[in-house]
Each structure stands twice: as C-alpha cells, then as structure tokens.
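These notes concern the structure reproduced below.
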Amino acid sequence: MTSLLELENITIQFGGLMAVDHVSLKVEKGWISALIGPNGAGKSTIFNMISGLYKPTSGKVFFNGRDITGYKAYKVTSLGIARTFQNIRLFKNLSVLDNVRIGRHCRGSSGLIGALARFPCTKAEEKEIEEKAHEALEVVDLLDKKNELAKNLPYGEQRRLEIARALAADPVLLLLDEPAAGMNIQEKQTLMHMIQNIRAMGITIMLVEHDMSFVMNISDHVDVLNYGQKIAAGTPSEVQNNPDVIEAYLGKEID
Amino acid sequence: MEQIQTFIQLLPQQLVNGITLGATYALIALGYTMVYGIIQLINFAHGEVYMIGAFIGLLMVVYFKVNFFIAIICAILVCVPLAVLIERVAYRPLRGSTRLAPLISALGVSLFLQTLMTLIMGPNAQPFPRIVKDTIYTVGTVKFSLVQVVILLVSSVLMVALHMIVKYTKVGKAMRATSESYETANLMGININRIISFTFAIGAALAGAGGVLVGMYFNSIHPLMGVIVGLKCFCAAVLGGIGSIPGAMLGGVFLGVAEVMGVALGFGTYRDAIAFALLILVLLLKPTGILGKPIQRKV
Amino acid sequence: MESIIGFFNDPYINQVLTLTGIYLITALGLHLITGITGQFSFGHAGFMSIGAYTAALLSLHLETPFILNVFIGGLAAGFAGTLLGFPSLRLTGDYLGITTLGFAEIVRIVFINLNITGGARGLAGIPRDTNFTIVLLLAVLSIICMYRIHNSRFGRALTAIREDELAAEAMGINTLLYKVKAFAIGTFFAGIGGGLYAHLIQYLNPADFGVSRSFELLNFVVLGGLGSVPGTILGTTVLTLAPEFLRFVKEYRMLIYSALMVTMMIFRPHGLLGGVNFRKLFLDLVHRIMAQLAKTKNVGGK
Ligand SMILES: Nc1ncnc2c1ncn2[C@@H]1O[C@H](COP(=O)(O)OP(=O)(O)OP(=O)(O)O)[C@@H](O)[C@H]1O
Ligand SMILES: [Mg+2]
C-alpha cells in the first residue's frame, strides 16, 4: 500500500540557510496529520514544497505513489492537493462567493469562447460551480456571508473562507497552515469540529498548528520539526513524551 | 569587409563618443534609480527636470553671459527645489495609494511641465550657443573635443561626489537604510520624508547638470527633449539594475556606447530603438538587470 | 427630434463621437489587461498601430472587404501581443510596463523605417469606410464581451491574478497562460480600434502612436475607475470630449488637462467611479422603491 503523501529526504536551501534538511514523512489516507515545531522550523516551507510553490533543492514528493516533485502549483492543485496560507491570502476585493468559485477553477474547463458564447454546457458548468461553492461555504458556516467582500470579514471568518476556497477544489489532501491562528477558544472549538467534518467527507488533512492542545486533540499522527530537521514522529501521546521534543520546545522558551 | 575594417579603425573614437554620451545618460539615470530605490516610482517627471535644467542653462548663458560652470550651478539651483516641490505636491499625498495612481500623477506633472515650457519658450528647438572653445585634442588616433572633456570631467566629479555622499555621510546612510526598509529606518529614528526629499534633490541636481551638458554637446534644446531621453535613461537604470547606483552609471555608459556603435554600424535610423531592444533583451535574460539583486518570492 | 438627428449629422460632431467609440474599443482592451488582470501595459498604442497599418495596407493593396481587414488587423495585433506576452509576462509591475513601452517604441520606429508604411511621411489615401454606426455596433459588442468575460470562469481567473497572483496559482490557475490570453485579447481589441481609426482618419503616421498616446489610453482606463467597464466608458468619453470642449482655452488646454490628472489622482486615486458598485446601487434603489411602495400601500390600506 502506498501512502497518500510521502516526502523523501526533501531539502531546500535559501542562500546559506538549510530551511528544510532531509525530511522524510508520510501521511496515510484518512489521517488528520499534524506538523509541529518552533517558529522558523520549516513547516510552511514544507507546505510550499508540497504544493509546488517552492522547488526542493533535493529530495522527492510522492502523491498517491506518483512523483510530483517540481510540478507547478496549479498542476499540483488539479491533482488533488489544496491548501490555505498562514498569512491569509484571499482575493480581498472579491465577494466571498467569488473567492470560493475561483477555488473551483481546476475542476472546470470552459474558457474564453464559452464565456462569450454562453453555451448550454457553460451554463451547466457555472451552475455546478455555484452549487459546489455553496456546499463548501456551508461546511465552514459562511453561506449567509456569500455576498460580502472578503476583506470585510472578521479575521476568524477569513481563515474559514480560505478553507472553503480550498475545499471547492474537491481535494484529496487538504493542507492547512495554522488554521486556528488568531482565533479565540470558542472559534477554535468550532474549527475543530469543522475539520473533523471535513475528514468525515473523506478528505485527508495535514495541518500546521502552534496550539498544542488543538493539535493533540485532533490529530492521528504528529511530525515534529526543529531547525529544518525532523526530530520525532508518532501518535500525539508518543510525541508529547518524547524528550527531544520537550527539549526543542523548552529550549526555546528558556532563551 | 572594408566596412568592418574602417569600423575597427574607428572603434576607439566611437568608444570615446559613446562614453561621453553615456556619461550624460548616467547622470539622468541616477535620479531614476535613486527615486525608484526609495519609493518604487518611475518618476516620469524626471526627464522634464532635465529639460528645465537645460533651459535654465540657456537663459544664463544667453542673458547673463556666464560661463558653463555658473550655468550648471544655476540649473542645479532651480532644478533642486522644483523636484522637491513635485514630490511634495504630486507624489507624497499618494504614498500608500494604488500602484498606478502615483504613476498617473507623475505623467501629469511631466505633461504639465512640457506644456508650460512649450508655452514659454515656443515649440521649436532653441540653439544653445557654443560656450566652450572648439579646441580638439588628439591622443593617437582619437580626437577629444573640449566639450567632451568638460562633460567627462563634470560628470565624473558629480558621480564621485554622489558616491561619497551615499557612502560616507549620515544622510547617505539614512538613504540606504530607507531604501532597504521604511520600518527599520523609522526605528532608527530616520525622518523618512526628509530623506525622500533629499533623494529627489540629489537626482534633480544631477539631471539639471546633465541638461546643461547635453545642451553644450548638441547645441540645441527643446521643450520635449526630456521625453525620449527620460525614457531611455530609465531603461539604462533598469538595465543596470534598478535601485543600484553603480548599476545606473554602468547602464548609462553601456547605453551610450551601444547607441554610438549602433549608428556606426549603419543602424542610425533605429537609434532610439536600441535602448528599448537592449532593455527587453536584458530583462528577459536577467529580470533584475545587470547589477540588480535577485528577488526571491516569499509566500 | 429633428435637432437630434441634425446634431448627429454634423460632420464634426459625428467625427468626434466616432473617434470616442474607437478609443473606447481600444481602451476596453487595456481595461482587460490592466483593470481586470492587473498587468501594466504602457504600450497599448503600439498594438493599435499594428492593427491600423495592417488593416490600412490590406485595404490599399488587396482591396479586401473593410470589416475583414479590420478583423485581420485585430488578429495581427493580438498575435504580436501573444509573441511579446510569453516572455515578458513573467515580469511584473513596472518591469512589465516598461517592457511593453519599449516594444511599442520599437514598433513605432520600425514603421518609420519601413517603405511600405510610408515611413515618417505616413500612409495616406486610406478609404473612409469607418462610420458611426459600425463603431457604435462594435463598441456595444465589446462592452457585452467584457461583461460576459467578467462573469465567467475565465474572467474570474483573471481577477484572481490581479488580486493575488500566487494564491491564484495555488488555486489551480495557470497564471502565465491566463495572463498571455488576457494580453492577446486586450491587444486584439487595440488592433480593432487601430483598424477603425485608420479608416476614419484616412491617414496614418507613426507619430500618432507614440508613448503619449499609450499613456492617454492608460488615463482613459484609470481616471474613470480602474477595473470597471462604466468607469472605462466614462473615462474615455470625458477625456476624449474634454479637449474638444476646452478648445476655447486654446493653448492652456493641455495645461489644465495635465493639472487635472494630478488632482484627480490625489483626491480620487481609484478614479471617478472607483469603488462604486453599480449592481449594489441598483439593488439598493430597487429595495428603496419597493419599501416606499409598501409603505404607501399600507398607508392607503389604513
Ligand atoms: N523564500 C524564502 N527565502 C528565504 N528564506 C526563507 C524563505 N521562506 C522561508 N525562509 C526561511 O526558512 C525558515 C523556515 O521558514 P518557515 O516559514 O517554513 O517556518 P515555519 O516553521 O513555518 O515558522 P512559523 O511557525 O513562524 O510559521 C525561516 O528561517 C525562514 O526565514
Ligand atoms: Mg509557517
């Protein structure tokens, strides 16, 4: 059985800095898998390499057994990996609904001619896009805000909108970069349920998160990163009791 | 074959002519590059500051019969406050606005100054009197006219002075800090508005001097002379790597030499296209110019 | 009624309105490139000239039908746009702007040097086939095209690129390809505008398609309200007609025009209609009328 996602000795260097250093990890189908580590450990960079925004210096990325290393980001998305961003990157001046419709882009096919001629198939596709966008907004409970501009949403809702936008692409694997950042306890609770619902829809989830209780509560598997290197992996309880992990986190707090 | 032979024979002379022309380009390109480095704006009005510098020089020479040195000083004295005023009125209120708004504003200022000078001076080219003697110095096969010597000397002095200011003075250091990051500069207690004004002032001084030098070199000036030269000099700044002071000098000289060589090779009618062709070529090969720092896109 | 017909039959008025329509078609192309896709183009007039010369030369030498010539002119401009777009749309912002400007200047200088285009003397004797009706028809068609593009998967991808190119890429949009397509369509419109222009003015000179014309087109798109079709219509109309109305101030015309450019940007950096949502305005109006009606009905009932 191949894993859904497999990183093999993935490495990236920025100038002299080894931001990610020979990291290997696996995400199995159906998991909620977490990637944790102190600030600057290289978590987001790993997401960027999986999603094709950065090209690894060396190492390989396998998705469903297929080598997708160096694929362009738009290609990776159409293969079934969607993502959110740590520093929210919504299409600010567009409506909530339009944001999610754009998220569906990779599942559509009509182009310029369709836009101008409005063939029956174009209209059918538009209708399908609209329906899927509504479904995705429903999952994150933002349907009633669909006509607002994205930039006018409060912070927590912007984060959820990013998730809806990613969901619209019908992903197999969803990458969430710090989805709970800046949320209060109540919002985090709601988010946790949403993420579990998304998993129940058959979507595998990989997330980066700093809130330990959030991570430990929700994930099936945790990988720990420090200074670009993987220092531990296992179930939440295994990781929690790992001395290297404790040191990486405590060591940071002490200085 | 014969053509190539004469071309090679004339090469040193062409090089001298090219470098002279390039030195004036470099003076103007410096203003573009410094302003872009600090506020990321193509200051389209810069070409007009250069044009006005040339006209001030003309006025001084014709009406007050001053020598070229005084003419240059006067041009600088007018151009500097003019550029500072332009920044104050047309660019500063637009800081932090959309990308296009300051650009349109700059185009407006540029058009305004062109029209104004056309109204005052008339639409035709004005002859610029010969204020330095027609002396020719010969070194081997290469001839230098006195004007060329003056241009090379004055622009070298100005560029060295600029280098000193940017490298060693407090203002210069503040300029470099500001072009790196507003936030850091702010934290260091730098008054960003003052530094931006200062940057415009220095750029205008160089352009004003450049205007007088070009008037002396070509003996003719025109209210629209800043348009094409301005665009070409911006190209030179981009060629060298926008934001980089040595880059603008290199880009200017490179462009001057390329133009003179192009004309010598029989592409005279395409002269004004050379700058743009070079620009497109360089940008496609190295999108940040010859001496520009590479940009790493960050997510 | 009669006076209205008379108004449109006045050759001067007719000419000015036809020209406005031509500029509108051209400006809508730039609206797609800059307003919708967010890519700078400072060389739109260059593509207009490619369309103009192509169509004019076809009319003069092959005597093929006028509309076909204009269409081929559009295709030629779109083809040039695609050729330039592929390498240069990797650049962003001002770099792209200055590259397109450079390209347009090169085109202009090439036209000055070619024999077939009449060089710097220009190309005269082009038949006057453009008339107000055709231009009006094509302008309306162009506006419909823009609206249809805007409300489609294709157009949303372009807007996404304007808003955040990297996020667009991560949403599965092949950004380079879409930018090139936007550029191709936008320059096609410029070419159509050029062909119509050639057959209205009947004379072409490379000097008519220099940087100042390119920046004028940019003004049309920005001053009315960047990214908005009504804004582009307003900007183009006002700025084409204003110099005509300002004729009485004669030589101060351009002085006023340029000073207005600066003041406009300072006080309305998003353009006259920037940020105005017509759909919302319309819906609000409908709501208000409905509410008013309901109220009067209630009052009447009592
Ligand atoms: N494009 C880039 N160019 C240069 N350095 C980069 C780039 N992207 C990331 N880095 C560096 O790589 C290291 C890892 O960054 P990354 O964003 O992956 O950390 P992280 O684990 O996500 O941290 P955080 O929890 O703060 O988000 C950092 O030192 C960062 O400065
Ligand atoms: Mg991160």
Side-chain angles (χ1 to χ4, degrees), chain A residues 47-48 50-53 72-85 87-95 97-118 122-123 125-126 128-129 133 147 149-151 162 165-166 168-171 175, chain C residues 32 35-38 78 82 90 141-186 188-189 225-228 270 274-277 279-280 283-284 287:
Chain A
F47 271 21
N48 290 338
I50 298 173
S51 57
L53 293 174
K72 291 262 170 50
Y74 64 87
K75 187 87 197 283
V76 174
T77 313
S78 64
L79 289 177
I81 304 180
R83 68 168 292 170
T84 66
F85 292 92
N87 47 338
I88 303 174
R89 302 192 76 134
L90 288 168
F91 306 118
K92 292 195 193 71
N93 299 307
L94 305 185
S95 72
L97 185 60
D98 273 344
N99 268 274
V100 185
R101 277 174 169 155
I102 291 167
R104 182 103 196 131
H105 182 88
C106 63
R107 298 287 164 249
S109 62
S110 63
L112 174 67
I113 308 290
L116 296 179
R118 293 200 173 157
T122 324
K123 286 185 185 158
E125 188 181 286
E126 276 296 310
E128 191 249 19
I129 292 173
N147 290 325
L149 291 189
K151 65 177 174 193
E162 275 223 338
R165 186 176 68 172
D170 272 348
L175 308 177
Chain C
L32 189 75
I36 299 296
T37 319
T82 315
R90 287 166 213 280
L141 199 65
S142 306
I143 292 171
I144 295 174
C145 280
M146 287 303 147
Y147 272 110
R148 293 209 159 182
I149 288 177
H150 204 177
N151 295 314
S152 70
R153 172 176 177 272
F154 181 80
R156 282 193 301 270
L158 301 184
T159 347
I161 292 172
R162 176 191 73 199
E163 291 291 306
D164 187 333
E165 187 164 342
L166 195 132
E169 182 104 13
M171 292 306 118
I173 295 166
N174 183 348
T175 49
L176 180 64
L177 187 68
Y178 272 85
K179 285 193 285 183
V180 172
K181 283 182 183 175
F183 210 70
I185 303 166
F188 170 79
F189 276 94
L226 188 62
S228 128
H270 293 278
V276 178
N277 185 341
R279 229 187 102 175
K280 194 159 177 295
L283 290 179
D284 282 355
H287 271 151

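Per chain, numbering begins at 1; letters A, B, ... match sequence-line order.
Using a 4.5 Å cut-off between heavy atoms, A/A117 touches chain C through its backbone atoms (N, CA, C, O) alone. Heavy-atom distances place no part of A/T122 under 4.5 Å from chain C, backbone and side chain included. Heavy-atom distances place the side chain of C/I185, and not its backbone, under 4.5 Å from chain A. Both the backbone and the side chain of A/S110 come within less than 4.5 Å of a heavy atom in chain C. Contacts between A/I129 and chain C at a heavy-atom distance below 4.5 Å involve the side chain alone, from C-beta outward.
Ranked by non-hydrogen atom pairs under 4.5 Å with chain C, the options A/S78, A/G108, A/S51, A/A82 are led by A/G108. For chain C, the option among A/V76, A/N99, A/L94, A/D98 with the highest count of heavy-atom pairs below 4.5 Å is A/L94. Interface remark: of the candidates C/S152, C/G155, C/A167, C/A167 forms the most heavy-atom pairs closer than 4.5 Å to chain A.
Legend: residues meeting ring-ring contact (aromatic ring centres under 6.0 Å, His included) with A/F91, ordered by chain and number and at least two apart, are absent.
The existence of a salt bridge linking A/R107 and A/E128 is excluded, since no basic side-chain nitrogen approaches an acidic carboxylate oxygen closer than 4.0 Å. Between A/E126 and C/R156 there is a salt bridge, with a side-chain nitrogen of the basic residue lying less than 4.0 Å from a carboxylate oxygen of the acidic one.
Residue C/N151 holds its CG atom at 13.0 Å from CE of C/M146, rounded to the nearest 0.5 Å.
With contacts defined as side-chain heavy-atom distances shorter than 4.5 Å, the pair A/R104/A/D170 qualifies.
Ring orientation note: the planes of C/Y178 and A/H105 are nearly perpendicular, at an angle over 60° on the 30°/60° scale.
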